[in-house]
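Okay, so here's the structure we're looking at.
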Amino acid sequence: MHENTLAEVAEDDPPGVLRRPVSDGESRRANRRWWDADADDYQAEHGAFLGQADFVWCPEGLREADARLLGELADRRVLELGCGAASAARWLATEGARPVGLDLSAGMLRHAALGATTSGVRVPLVQADALALPFRAASFDIVCTAFGAIPFVADSAAALREVYRVLRPGGRWVFSVTHPMRWIFLDDPGEGGLVATHSYFDRRPYVEQDATGTPSYVEQHRTLGDRIREIVGAGFVLRDVVEPEWPAGHEQIWGQWSPLRGRLFPGTAIFVCDKPAGTPA
């Protein structure tokens, strides 16, 4: 959940911000460098909201302790994809699960290791790419991510196929992303963010780049239909799409998420999927 994510490019945006195609390699390199460099600032700003051992699905504050989207956790093998500082993986461990936290960024995994020391809850951590998960087929009962990996890979359909591969038959896959409709609006938590300015159907990624044109941050857009087609195409059954409402009394602003916008339209989409029980491992 990057502070500048989803900024629809406007006339007054700096020249290093634009919408343009990027390769998978450009996207991977940019985001690994970004999250390595931003890890300290990100954790300083959002660590308290995310908690030391808590599973927060989105800036609206929906917690897995309340939503129970993952189902039964006791003794379940769980992979947290794009785990960041791994607060969710640590919470899963306190619920009796056997979690593994995976992230591309060494900077974020450094904070995951620090969080283990601070909380006293340790989980295995793996540095790897979501497009090449270093696990055997059917290794996990559950795979999940809160805004990790999926928005940042150029080929999210391939990432879903990898998740399908490492899930056992009957396993569950749940992921949250920025709600696709948010890409219509400027990345403004105030009234400026209430005006539609960009085509929902422009699937070019949001790119921040340096003076040489090298991407420094990349985030991908998919429509709601795109996401569903990728889920079904990978072999999953879509069970639910959760659009968390902005809760009363929640006044915290997180980038483009705010009480003003949250009370009018959704900011997050959570996709709840199963791998059919009868499929081969």
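Index from 1, following the sequence.
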*Group every Ile, Leu, Val, Met, Phe, Trp and Tyr by side-chain heavy-atom contacts under 4.5 Å, then state whether V126 and L114 land in the same group.*
no
*With sequence neighbours left out, what residues match E64 under salt bridge (Lys or Arg N to Asp or Glu O under 4.0 Å)?*
none
*Between the side chain of W246 and the main-chain N/O of H250, is any donor-acceptor distance below 3.5 Å?*
yes
*asked:* Going by salt bridge (Lys or Arg N to Asp or Glu O under 4.0 Å), name the residues that satisfy it together with E162, two or more places apart in sequence or in a different chain.
replied: R165
*Give, for atom CG of D129 and atom CG of D103, the distance between the pair rounded to the nearest 0.5 Å.*
10.5 Å
*Non-hydrogen side-chain atoms of T178 and E219 separated by less than 4.5 Å*: yes
*Specify the closest pair of heavy atoms between S156 and E230, including all atoms of both residues, with the distance to one decimal.*
OG-OE1, 2.8 Å
*For residues 78-87, which residue pairs qualify under side chain to side chain donor-acceptor pair (under 3.5 Å), counting only residues two or more places apart or in two chains?*
none
*asked:* Assess, by modelled atom type and distance only, whether the side chains of T118 and Q52 contain a donor and an acceptor separated by less than 3.5 Å.
replied: no
*State, yes or no, whether a side-chain contact exists between F135 and V100 at a heavy-atom distance under 4.5 Å.*
yes
*With a 4.5 Å heavy-atom cut-off, do L260 and P189 have their side chains touching?*
no
*R136 atom CZ, over 12 foreign heavy atoms within 6.0 Å*: no
*asked:* Go through it in stages, so that I can follow the logic: the residues are I231 and L160, the test is side chain to side chain contact (heavy atoms under 4.5 Å, CB included), and I'd like the CA-CA distance, side-chain angles, deciding distance and then a yes or no.
replied: CA-CA 7 Å; I231 289 166; L160 266 61; 3.7 Å; yes
*Could you walk me through whether L50 and D54 pass side chain to side chain contact (heavy atoms under 4.5 Å, CB included), step by step?*
CA-CA 7 Å; L50 296 173; D54 198 1; over 6 Å; no
_side chain to side chain contact (heavy atoms under 4.5 Å, CB included) between H198 and I184, worked out_ = CA-CA 5 Å; H198 200 79; I184 299 170; 5.7 Å; no
*Does any non-hydrogen side-chain atom of V207 lie less than 4.5 Å from one of E26?*
no
*Indicate yes or no: does R110 engage D40 in a salt bridge with an N to O separation below 4.0 Å.*
yes
*Enter the distance from S176:OG to E243:CD here, rounded to the nearest 0.5 Å.*
13.0 Å
Extract all donor-acceptor atom pairs below 3.5 Å that involve side chains of residues 269-277 and protein atoms in other chains or at least two apart in sequence.
| unit_1 | atom_1 | unit_2 | atom_2 | d |
| --- | --- | --- | --- | --- |
| D274 | OD1 | R172 | NE | 2.8 |
| D274 | OD1 | R172 | NH2 | 3.2 |
| D274 | OD2 | R172 | NH2 | 3.2 |
| D274 | OD2 | R239 | NE | 2.9 |
| K275 | NZ | Y164 | O | 2.9 |
| K275 | NZ | L167 | O | 2.8 |

_Looking at every heavy atom in both G84 and A112, which two are closest together, and how far apart are they?_
O-CB, 3.7 Å
_Other members of the hydrophobic cluster containing V153, with the 4.5 Å side-chain heavy-atom rule, please._
L131
*Which ring-ring contact (aromatic ring centres under 6.0 Å, His included) pairs, counting each pair once, include a residue from residues 71-114, with sequence neighbours left out?*
none
*Any side-chain heavy atom of S105 sitting closer than 4.5 Å to one from D36?*
yes
*Without swapping roles, check the side chain of R261 against the backbone of Q256 for a donor-acceptor pair under 3.5 Å.*
yes
*Is R263 salt-bridged to E60, going by a charged N under 4.0 Å from an acidic O?*
no
*Exercise: do T212 and D210 side chains pair donor with acceptor under 3.5 Å*: yes
*What's the shortest heavy-atom distance between R20 and G213, and which atoms?*
NH2-O, 3.1 Å
*Positive for ring pair (Phe, Tyr, Trp, His ring centres under 6.0 Å) with H221, one of Y206, W183, F201*: W183
_L62 CG to T268 OG1 distance, which is reported to the nearest 0.5 Å_ = 9.0 Å
*Decide, yes or no, whether a salt bridge links E95 with R76 under the criterion of side-chain N to carboxylate O below 4.0 Å.*
no
*asked:* So, taking the atom named OG1 in T117 and the one named CZ in R122, what distance separates them when rounded to the nearest 0.5 Å?
replied: 4.0 Å
_Going by the rule ring pair (Phe, Tyr, Trp, His ring centres under 6.0 Å), which residues pair with F265 if we only count those two or more places apart in sequence or in a different chain?_
F185
*Is it true that atom CD of E191 has more than 12 heavy atoms of other residues, nucleotides or ligands lying nearer than 6.0 Å?*
no
*Taking salt bridge (Lys or Arg N to Asp or Glu O under 4.0 Å) as the test, write out the residues that go with R229, two or more places apart.*
D226
*Kindly assign one of parallel, tilted or perpendicular to the pair W57 and F55, based on the angle between their ring planes and the thresholds 30° and 60°.*
tilted
*Check whether any side-chain heavy atom of S27 lies under 4.5 Å from a side-chain heavy atom of Q220, and answer yes or no.*
yes
_Smallest separation among heavy atoms of P244 and V242, with atom names_ = CD-O, 3.4 Å
*asked:* I need the minimum non-hydrogen distance between V22 and P205, along with the two atoms involved.
replied: CG2-CG, 4.0 Å
*Partner set under salt bridge (Lys or Arg N to Asp or Glu O under 4.0 Å) for D155, not counting sequence neighbours*: none
*Other hydrophobic cluster members with V123, side-chain heavy atoms of Ile/Leu/Val/Met/Phe/Trp/Tyr under 4.5 Å, chained?*
L109, L125
*How about P215 and R29: do any of their side-chain heavy atoms sit closer than 4.5 Å?*
no
*asked:* Clusters formed by hydrophobic residues whose side-chain heavy atoms approach within less than 4.5 Å: which one holds V237, and what are its other members?
replied: none
*Mind running side chain to side chain contact (heavy atoms under 4.5 Å, CB included) on L102 and Q127 for me, showing each step along the way?*
CA-CA 6 Å; L102 180 145; Q127 184 177 11; over 6 Å; no
*Got L104 and W35 here, is their nearest side-chain heavy-atom distance under 4.5 Å?*
no
*Given the rule that I, L, V, M, F, W and Y join up when any side-chain heavy atoms are under 4.5 Å apart, are M108 and V121 in one cluster?*
no
Taking distance alone, no hydrogens or angles, what donor-acceptor pairs closer than 3.5 Å link side-chain atoms of residues 140-152 to residues at least two apart or in another chain?
| unit_1 | atom_1 | unit_2 | atom_2 | d |
| --- | --- | --- | --- | --- |
| D141 | OD1 | R77 | NH2 | 3.4 |
| D141 | OD1 | R168 | NE | 2.4 |
| D141 | OD2 | R77 | N | 2.8 |
| D141 | OD2 | R77 | NE | 3.3 |
| T145 | OG1 | L81 | O | 2.5 |
| T145 | OG1 | G148 | N | 3.0 |
| T145 | OG1 | G148 | O | 3.3 |

*Is there a donor-acceptor pair closer than 3.5 Å between any side-chain N or O of R204 and the backbone N or O of R19?*
yes
